[in-house]
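Would you mind keeping the following structure in view while I ask a few things?
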Number of protein chains: 2
Amino acid sequence: MTSGSFPKPEHDHQRCVARLVRHAEQLCIKAGVRLTVQRLAILKIIGSSHKATGAYDVLEVMAKQGQRAAPVTVYRALDFLISVGLVHRISSLNAFIACHHSHGSNPVQLLICKACGGVGELELPAVTRALKEAAGKAGFSVDEPVVEVTGVCAHCCAA
Amino acid sequence: MTSGSFPKPEHDHQRCVARLVRHAEQLCIKAGVRLTVQRLAILKIIGSSHKATGAYDVLEVMAKQGQRAAPVTVYRALDFLISVGLVHRISSLNAFIACHHSHGSNPVQLLICKACGGVGELELPAVTRALKEAAGKAGFSVDEPVVEVTGVCAHCCAA
DNA sequence: TTTGTAATGTTATACTATTGCATTTGTTAT
DNA sequence: ATAACAAATGCAATAGTATAACATTACAAA
């Protein structure tokens, strides 16, 4: 995708998580990495809402599910999920969001609704290109651009 | 400025901080807000390096200067300095950098060197515009874009 | 000088993330 | 199969970042 998407409130999470899981399984097989039960469980928790989820939120949910775990467990799983592109880190919120798309290695831009907490994704190569070019003029070699846009989503604008 | 800048290692901090202080004084007078000694002291500390500075780094420096303070003091000053545009928050590092420029209310893009820790600024209206436009197509009304680019600066590239 | 607001002080605590080391699990080669 | 190795997990402690709640002081305008 080159345009944008923002989750609708009436979204069918059930189906959406199922799709995410299939995506994850295929991706990990192809990459030759292990999607363990724990990692999958944590991915499901993060993917079951389209809002930014903190590491300790994940822990809480796990506790309710009877899977008690230490923080480091969640952080390790998150590191893994981020490394394979199944989760994005949201620096400005110290939180995480599941990635429902395949971006390859293209950087992503996040839209964060201040009102409902929902998070959407954009994939704008033009933005990435413009950043690389401008940075390059200053002799700066770009590694990874973090682009997080706060604002108000369509649904909350209307309300 | 519309192009970019990245601090040179051989930079003259002394002069640079003096300029920052003048800038801050004028800006606060114009805005009708109080640049107290404490706020100024903290601005100087942050502005005396062109690397990302953590809140607790500031505290350490203050302690060495004999000005003991509680974390909340620093965070309050930082909130103020950010609100008037004298400091930028670097979300991806949980750190801060003094702003030596006048951006008006234009969003800024930060360049963060992984090697030396130096931080530079860009002001690229085109990037901001592209983000607003793409977000707008998804019905998203942009408030504040956070753009932080990690990479390697010219000086460190050469080395 | 009173009066109200902004700024600061003080203490405690909440929230986020990592380190170090022991143990288990899964994979590969023999 | 099983030995041997690497990856993943468990566990406990602790480091690092940020805010809450409430008391006090400093400042500016009436």
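In what follows, every chain begins at residue 1, and chains take the letters A, B, ... in the order their sequences are listed. Note: hydrogens, waters and symmetry copies are ignored here, and every other heavy atom, side chains too, is used.
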Expected list for residues 54-69 of chain B: side-chain donor-acceptor pairs under 3.5 angstrom, two or more places apart:
residue, atom, partner, partner atom, Å
Asp57(B), OD2, Gly54(B), N, 2.9
Gln65(B), OE1, Gln67(B), NE2, 3.0

With a strict under 4.0 Å distance from non-hydrogen atoms of chain B, what nucleotide opens and what nucleotide closes the contacted stretch of DNA chain C, reading 5' to 3'? dA6(C) to dT11(C)
Taking salt bridge (Lys or Arg N to Asp or Glu O under 4.0 Å) as the definition, give me every residue that meets it alongside Asp79(B), ordered by chain and number, with sequence neighbours left out. none
Could you run through nucleotides 19-30 of chain D and give me one letter per nucleotide, 5' to 3': B if any protein heavy atom sits under 4.0 Å from the base, S if only the sugar-phosphate is that close, - if neither? BB------S---
When clusters are formed by joining ILVMFWY residues with side-chain heavy atoms under 4.5 Å apart, either directly or through shared neighbours, do Ile29(A) and Val21(A) land in the same one? no
Under 4.0 Å: is that the gap between some side-chain N or O of Asn94(B) and OP1 or OP2 of dA18(D)? yes
Report yes if the side chains of Ser91(B) and Asn94(A) come closer than 4.5 Å at any heavy-atom pair, otherwise no. no
For residues 125-136 of chain A, tabulate all N or O donor-acceptor pairs below 3.5 Å that involve a side-chain atom, not counting sequence neighbours.
none

Output all residues satisfying salt bridge (Lys or Arg N to Asp or Glu O under 4.0 Å) with Lys114(B), sequence neighbours left out; order by chain, then residue number. Asp143(A)
Tell me every residue that passes side chain to side chain contact (heavy atoms under 4.5 Å, CB included) with Leu20(A), counting only those two or more places apart in sequence or in another chain. Leu43(A), Ala98(A), His100(A)
d(CG, Leu78(A); P, dA8(D)) in whole Å: 15 Å
End-to-end bend of the helix from dT1(C)-dA30(D) to dT30(C)-dA1(D) (five-pair axes, 10° rounding)? 30°
Comparing nearest nucleotides in DNA chain D, the 5'-proximal residue of the pair Arg89(B), Thr36(A) is Thr36(A)
Enumerate, atom names and distances included, each donor-acceptor pair closer than 3.5 Å involving a side-chain atom of residues 152-159 of chain B, sequence neighbours excluded.
none

Partners meeting side-chain hydrogen bond (donor to acceptor under 3.5 Å, both in side chains) with Ser92(A) (sequence neighbours left out): Glu148(A)
The answer to which of Ala77(A) and Asp57(B) contacts DNA chain D further toward the 5' end, by nearest nucleotide, is Ala77(A)
Heavy atoms under 4.0 Å, any strand shown: does Arg68(A) hit a base, just sugar-phosphate, or nothing? nothing
To the nearest Å, give me how far apart CG (Leu35(A)) and C1' (dA7(D)) are. 15 Å
Tell me every residue that passes side chain to side chain contact (heavy atoms under 4.5 Å, CB included) with His88(A), counting only those two or more places apart in sequence or in another chain. Ile97(A), Cys99(A), His103(A), Val108(A), Leu110(A), Glu121(A)
Rounded to whole Å, CE of Met62(A) lies from C1' of dC11(D) at a distance of 14 Å
With a cut-off of 3.5 Å and sequence neighbours excluded, list every side-chain donor-acceptor pair involving residues 11-19 of chain A.
residue, atom, partner, partner atom, Å
His11(A), NE2, His50(A), NE2, 3.2
Asp12(A), OD1, Gln14(A), N, 3.2
Asp12(A), OD1, Arg15(A), N, 3.2

